[in-house]
Amino acid sequence: MAGESENLTPGSYIDHHLTNLTFGQLPAGSRPGQDHAVWTLAQNGEEASQMGFMAIHVDMMGWSLALGLVFFIMFRKVAKNMTAGVPSGFQNFVEMVVDFVQDNVKSMFPYKNPMIAPMALTILVWVFLMNFMDLIAVDLLPAAAAVVGEHVFGMDPHHVYFKVVPSTDPNITLGMAFDVFLLILFFSIREKGFGGFVGELTTHPFSHKNPVVQALFVPINFVLEFVNLIAKPVSLGLRLFGNMYAGEMIFILIALMYSAGPALGIFGGGLQIVWAMFHILIISLQAFIFMVLTIVYMSQSFETSEHH
């Protein structure tokens, strides 16, 4: 890490750590001698932006899927080897997590649906694992990726970009939030009917017994309720992204101290340990908040006029 930061200016060092390993279609003329569009890995942030909407953040997708697989394997192994006798330490931990999720679901979701508890468990553990990657040394995995890129794929190691915290990418957090939003729409329409769902958007918060006056309130109600509806997935995804992105930036800024001399290096080492310990609380809290808000939003989608 120190060697890399010495070869880069602070600005380029930060840019390097905030650039994704991006695969997409690069337009013709983007590189010298390139006379047609090609599918390739971007060599810098400018090329990544030229690839447009269809570009894929390979590092974020890879880590998200890998961590999801880790969660599935660990919990499935415990479920298959569950014993009524003296449980192992890891079985105790898994049971504690499952009980914690079940207690939260029971307290916030007073309806019957077999999908909610497993979904809440998946969100809690998966988001925590993605957040936990923020505690790994900021240069360790990017440096390993640069070595692999240079010796296996023949890439310039200075143009191998590799982010490791999926929750610092708004594509990941907003993608998860959008999935929750689709479930909100599905269950709202299923439980309330399409007419009931539309009525919920057009007859609240202002209502009047006079049908003419009520008709005048419809567009106002729709604007207010539609904004409230859209704000749910946007706030859900951006809250997680903003907190984790800020935490990652602090780790990167602390890492810059190592190349600023022995005194700042020692101070940075101590500061990094303190921030990492505090960050354990942040990554756990953000995973919990994402799970809780999902449960609350799902409960609201099941709520009908009879339950008010």
Side-chain angles (χ1 to χ4, degrees), residues 60-80 82 90-134 165-193 196-197 200 228-244 282-304 307:
M60 298 292 91
M61 289 291 293
W63 279 115
S64 298
L65 295 175
L67 294 171
L69 185 62
V70 168
F71 159 66
F72 173 76
I73 292 174
M74 289 193 307
F75 276 65
R76 185 174 185 272
K77 182 178 180 180
V78 170
K80 289 183 65 177
M82 188 73 68
F90 188 64
Q91 179 179 324
N92 275 329
F93 172 75
V94 170
E95 290 178 350
M96 180 181 67
V97 172
V98 172
D99 289 340
F100 174 76
V101 172
Q102 285 182 333
D103 290 341
N104 278 275
V105 171
K106 288 179 180 178
S107 64
M108 291 180 283
F109 188 82
Y111 310 100
K112 292 183 178 180
N113 189 289
M115 187 198 74
I116 303 302
M119 180 179 67
L121 176 64
T122 301
I123 288 174
L124 178 68
V125 180
W126 195 19
V127 172
F128 175 82
L129 290 176
M130 288 192 287
N131 294 349
F132 184 81
M133 298 299 292
D134 209 9
V165 188
S167 48
T168 60
D169 188 337
N171 294 288
I172 298 295
T173 60
L174 288 175
M176 295 177 65
F178 182 71
D179 288 339
V180 173
F181 180 64
L182 291 180
L183 289 174
I184 292 173
L185 294 180
F186 173 78
F187 285 111
S188 292
I189 295 174
R190 194 191 74 170
E191 296 297 318
K192 305 166 187 177
F197 176 65
E200 192 175 66
N228 180 56
L229 182 65
I230 295 298
K232 292 178 180 179
V234 173
S235 62
L236 190 63
L238 290 183
R239 180 184 291 103
L240 177 60
F241 160 71
N243 282 278
M244 296 310 302
I282 295 177
I283 65 176
S284 304
L285 185 60
Q286 290 305 314
F288 174 72
I289 290 174
F290 201 101
M291 179 197 72
V292 166
L293 289 179
T294 299
I295 298 172
V296 171
Y297 293 157
M298 294 303 298
S299 179
Q300 291 175 350
S301 70
F302 277 75
E303 191 176 62
T304 60
H307 291 100

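Since the model is a prediction, treat every value here as computed from it, not as a measurement.
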What heavy-atom pair brings R190 and N113 nearest, and what distance separates the two atoms?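 Minimum heavy-atom separation between R190 and N113: NH2-ND2, 3.9 Å.
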With rounding to the nearest 0.5 Å, note down the distance linking [atom1] in [X] to [atom2] in [Y].
| X | Y | atom1 | atom2 | answer |
| --- | --- | --- | --- | --- |
| I184 | K232 | CD1 | NZ | 5.5 Å |
| F128 | I123 | CZ | CD1 | 16.0 Å |
| E200 | L229 | CD | CG | 8.5 Å |
| F186 | M298 | CZ | CE | 9.5 Å |

Side-chain donor-acceptor contacts of residues 101-110 below 3.5 Å, not counting sequence neighbours, with atom names and distances?
from, atom 1, to, atom 2, distance (Å)
N104, ND2, F100, O, 2.7
S107, OG, D103, O, 3.2
S107, OG, N104, O, 2.9

Is F75 atom CZ crowded by more than 12 heavy atoms from other residues, nucleotides or ligands, each under 6.0 Å away?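 Atom CZ in F75 is packed in, count exceeds 12.
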Apply side chain to side chain contact (heavy atoms under 4.5 Å, CB included) to residues S301 and E191 and explain how you reach the verdict. CA-CA 8 Å; S301 70; E191 296 297 318; over 6 Å; no
With sequence neighbours excluded, tell me which residues meet ring pair (Phe, Tyr, Trp, His ring centres under 6.0 Å) with F187.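 Result, ring pair (Phe, Tyr, Trp, His ring centres under 6.0 Å) vs F187: F302.
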Mind checking what makes side chain to side chain contact (heavy atoms under 4.5 Å, CB included) contact with F90, not counting sequence neighbours?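 Side chain to side chain contact (heavy atoms under 4.5 Å, CB included) list for F90, sorted by chain: M74, V78, S88, F93, V94.
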Closer than 3.5 angstrom, by distance alone: can the side chain of W126 be matched with the main-chain N or O of L121 as a donor-acceptor pair?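 Not at all, since once roles are kept as given, no pair shorter than 3.5 Å links the two residues.
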For S188 and L185, indicate whether the former's side chain and the latter's backbone hold a donor-acceptor pair under 3.5 Å.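 Judged by distance alone, no pair lies under 3.5 Å.
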Determine whether V98 and E95 satisfy the following criterion, side chain to side chain contact (heavy atoms under 4.5 Å, CB included), listing intermediate values before the conclusion. CA-CA 5 Å; V98 172; E95 290 178 350; 5.7 Å; no
Please output the side-chain donor-acceptor pairs of residues 167-183 that fall under 3.5 Å, not counting sequence neighbours, one pair per line with the distance.
from, atom 1, to, atom 2, distance (Å)
S167, OG, N131, OD1, 2.6
T168, OG1, V165, O, 2.6
D169, OD1, N171, N, 2.9
D169, OD1, N171, ND2, 2.8
D169, OD2, H57, ND1, 2.6
T173, OG1, P170, O, 3.4
T173, OG1, G237, O, 3.2

Can you give each donor-acceptor pair under 3.5 Å made by side-chain atoms of residues 282-296, sequence neighbours left out, with the distance rounded to 0.1 Å?
from, atom 1, to, atom 2, distance (Å)
S284, OG, I280, O, 2.9
T294, OG1, F290, O, 2.8

